[in-house]
Amino acid sequence: MRARFAPSPTGFLHVGSARTALFNWLAVRHAGGEFVLRSDDTDAERGSDEYYQDVIDGLRWLGLDWDEGVEVGGPHGSYRQSERLARYQDVAEALRRAGAAYLCFCTTPELEERRRQAQAEGKPPGYDGRCRPLDAAESQARREAGEQAVVRLAVPRPGETVFEDIVRGEVRFDHDHVEDFVLLRSNGSPTYHLASTVDDVDFEVSHVVRGEDLLSSTPKHILITVAMGAEPPSYAHLSLLMGPDGKKLSKRHGDTALHSYRRGGYLPDAFVNYVALLGWNFGDDETVFARSEMVERFDLGDIQKNPAVFDNEKLTWMNGVYIRQLELDDFVDRTRPLVEADLARPLDEAEQATYRGIAPFIQERMKVLTEAPEQARFLFVDVVEYDAGAWEKILTKPDARSALESALARLASLDEWQTDAIERSLRSMLEELELNARKGLQPLRVAITGSSISPPLFESMESLGRARTLARLEDVVKRL
RNA sequence: GCCCCCAUCGUCCAGAGGCCUAGGACGCCGCCCUUUCAAGGCGGAAACGGGGAUUCGAAUUCCCCUGGGGGCACCA
């Protein structure tokens with residue numbers, strides 16, 4: 001099996017394309033075949049290096065490695081279409097000489113007018129084949145005389161293209177609805193159909209796995225392939241990803257660029273796991289599974305035919321599952337930079353140890369990595385910012401002040417500053433003051449962290465250290 | 001307008017004629033645990049779009065309707 005992913009660098013890699021890449025990759029790795037990465041960069045107008053790099057970075061981040069293609073090379077020469085232009089022209093020319101394609105001199109306005117008319121009459125809107133009967137030699141002469149012409153494929157008529165789609169089953173298209181489409185523009189550049197198909201043939205691609213938006217173009221690709229004297233590949237057309245409103249996933253649904261998930265604190269494994277579930281399943285009731293298991297069980301034939309809505313909430317839940325599965329060191333390595341960025345300074349050695357100490361408690365209450373700073377911040381700032389709502393709701397309560405003062409006295413005289421001792425001391429304080437935990441402990445939490453939401457209190461105090469804990473309690477008492 | 005694809009809880013998937021009183025996951029609701037927030041445990045509400053046909057029997061097969069999606073460029 002040889003599959004390919006062929007993005008056009010005309011935009012950032014978005015989640016829909018990422019899913020297509022993933023399904024290609026899964027199919028190839030399952031079969032032990034080769035994965036080819038090609039850059040469909042024939043559109044110099046819209047394409048850019050930035051987008052190209054974004055695609056590469058995105059695939060690498062996801063861990064979807066390729067065996068052949070752009071960046072890594074391979075036996076088929078360049079894997080960038082912009083460097084293969086001559087090849088496409090040669091194919092178009094050969095097809096023309098063989099009578100499988102012909103020159104067309106119709107102008108765009110003429111074409112538009114006829115298309116409009118056909119539509120008004122309820123007929124298929126495609127090209128009407130006007131230039132097809134023209135004598136090839138005469139046409140050739142006209143072009144050499146300087147007349148603008150495109151090369152069109154002579155689609156067999158009457159006729160029909162039938163193929164077996166791996167996910168959809170048998171699909172048929174009557175050629176009445178497949179126009180004599182353009183292969184080569186008048187400026188000599190290839191259309192997508194030509195370039196893509198020639199490459200699939202040249203690169204010996206055996207399986208074309210792509211979005212459903214290309215389903216109705218498939219007859220064109222098969223026709224070109226056959227005209228080139230090659231065997232068409234197998235096709236698998238994936239249904240598209242939808243936004244929450246059921247419309248095709250796009251910019252208006254917010255961030256659809258893959259890199260925004262990376263920046264938003266998502267783990268590549270979680271993303272891959274979630275996206276794999278969109279249109280596919282593990283075969284039992286499991287939803288969380290390792291990549292190796294995925295590869296082992298994956299089968300293009302099991303893919304769901306209907307479009308799937310991309311659900312950020314489920315992705316986020318799954319990300320939380322993966323975060324909790326991280327080794328502590330790994331978790332620290334991934335989140336410490338975020339904490340440091342938030343503070344706008346690096347943590348010194350002692351602070352790093354402190355962070356590592358509190359990290360397990362932060363780790364289990366996060367869904368995205370980017371939540372780490374807000375949980376850890378209180379440990380590393382000189383002055384905590386108090387959440388106005390929490391201050392009002394908790395610190396101004398009648399029992400808050402006595403709890404703070406009592407805690408202050410007890411903690412100041414505590415023998416050893418560690419979680420267990422702190423807990424024992426504060427629990428006996430609760431008894432003494434006859435306060436429940438909520439009334440007696442929440443004020444302390446707000447006082448030392450600035451928020452009513454934080455890692456566990458006793459651990460937080462230990463991490464903060466005695467001096468700073470006492471200072472904050474004292475400061476709050478004063479301000480009250 | 002023309003062509004193609006699709007159709008099970010709000011969402012993602014199970015279900016390939018009787019195992020379905022339709023199963024799991026996210027989300028939602030309730031309870032438990034609990035120093036907050038999470039996590040975790042337990043429980044709950046929640047779906048086969050409609051109509052025909054085939055069959056002893058249909059979520060599962062066929063047809064029509066409806067609905068949704070995609071495509072119809074000298075863009076990819």
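These numbers come from the heavy atoms of this one structure, side chains and all, not from hydrogens, waters or symmetry mates. Just so we're on the same page: letters track the sequence lines, and every chain starts at 1.
Comparing B:C6 with B:G10, their P atoms are spaced 23 Å from each other, to the whole Å. Between the P atoms of B:C29 and B:G68, the separation comes to 30 Å (whole Å). A distance of about 14 Å separates the C1' atoms of B:G52 and B:A58, rounded to the whole Å. The C1' atoms of B:C26 and B:A47 are separated by 16 Å, rounded to the nearest whole Å. Straight-line distance between the P atoms of B:A53 and B:A45: roughly 34 Å, to the nearest whole Å. Spacing between B:C9 and B:G24 at atom P, rounded to whole Å, works out to 16 Å. To the nearest whole angstrom, the two P atoms, one in B:G50 and one in B:U60, are 10 Å apart. When the P atom is used for both B:G15 and B:A7, the distance is 13 Å, rounded to whole Å.
Aromatic ring pairs are classed by plane angle as parallel below 30°, tilted from 30° to 60° and perpendicular above 60°; the pair A:Phe282 and A:Trp280 is perpendicular. The aromatic rings of A:Phe181 and A:His193 stand perpendicular to each other, their planes meeting at an angle above 60°, with 30° marking the opposite boundary.
Taking every side-chain heavy atom of A:Asp311 into account, B:U11 is the closest of B:C2, B:U11, B:C6. Nearest to the side-chain atoms of A:Asp213 among the listed nucleotides B:G71, B:C74, B:C2 stands B:G71. Distances were taken from every side-chain heavy atom of A:Thr42 (C-beta onward) to each of B:A76, B:A14, B:A73; the shortest belongs to B:A76. Closest to the side chain of A:Asp43, from the set B:A76, B:A14, B:C74, is B:A76. The listed nucleotides are B:C12, B:C5, B:G27; the one nearest the side chain of A:Leu278 is B:C12. For A:Gln119, the side-chain atoms get nearest to B:G1 when compared with the rest of B:C13, B:G1, B:A76.
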Please report the C-alpha distance between A:Asn312 and A:Tyr261 in whole Å, then the side-chain angles of each, then the deciding distance to 0.1 Å, and finally whether the side chain to side chain donor-acceptor pair (under 3.5 Å) criterion is met. CA-CA 10 Å; A:Asn312 264 308; A:Tyr261 287 90; 3.0 Å; yes
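A straight line from NE2 of A:His221 to P of B:A76 spans 11 Å, rounded to a whole angstrom. Whole-Å rounding puts the A:Asn306 CG to B:G15 C1' distance at 14 Å. Rounded to whole angstrom, the span from the CD atom of A:Glu212 across to the P atom of B:G71 amounts to 9 Å. The nearest whole Å value for the distance from the CD atom in A:Glu121 to the C1' atom in B:C3 is 17 Å. Atom pair A:Phe289:CZ and B:A14:C1' shows a separation of 13 Å (rounding to whole Å applied). Note: CG (A:Leu111) to P (B:C72) measures 15 Å, nearest angstrom. Going from atom NZ of A:Lys123 over to atom C1' of B:C2 covers 12 Å, rounded to whole Å. The nearest whole Å value for the distance from the NE2 atom in A:His177 to the P atom in B:G1 is 15 Å.
Looking only at atom types and distance, the side chain of A:Arg445 has a donor-acceptor partner in the side chain of A:Ser454 under 3.5 Å away. A donor-acceptor pair shorter than 3.5 Å cannot be found between the side chains of A:Thr218 and A:His221. Side-chain contact, A:Arg96 with A:Ser139: no donor N or O sits under 3.5 Å from an acceptor N or O. Donor-acceptor pairing under 3.5 Å is lacking for the side chains of A:Ser8 and A:Arg46.
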Whether each nucleotide of nucleotides 35-50 of chain B has a protein heavy atom under 4.0 Å at its base (B), only at its sugar-phosphate (S) or at neither (-) is summarised, 5' to 3', as BBBBSS----------
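Summarising the base pairing, B:C26 is matched to B:G10 through a Watson-Crick or G-U wobble pair whose two defining distances lie under 3.5 Å. Remark: B:C31 base-pairs with B:G41. Criterion, Watson-Crick or G-U wobble with two distances under 3.5 Å. Across every strand in view, B:G1 sits in a pair with B:C72 that passes the Watson-Crick or G-U test at under 3.5 angstrom. Of the nucleotides present, none pairs with B:C48 by Watson-Crick or G-U wobble criteria with both distances under 3.5 Å. Pairing for B:U36 is absent, with no Watson-Crick or G-U wobble pair whose two atom distances lie under 3.5 Å.
Phosphate contact (OP1/OP2 of B:A73, side-chain N/O of A:Arg115, threshold under 4.0 Å): present. Between A:Lys248 and B:G71 there is a side-chain polar atom (N or O) within less than 4.0 angstrom of OP1 or OP2. Contact between the side-chain N/O atoms of A:Lys247 and the OP1/OP2 oxygens of B:G69 is found at a separation under 4.0 Å.
For an aromatic pair to be called close, the ring centres must be under 6.0 Å apart, and A:Tyr266 with A:Tyr322 fails this.
Residue contacts for A:Glu286: at a heavy-atom cut-off of 4.0 Å it reaches no nucleic acid atom on any strand shown.
Residues meeting the side-chain contact (heavy atoms from CB on, under 4.5 Å) test with A:Val201, sequence neighbours left out: A:Thr225, A:Met228, A:Ala230.
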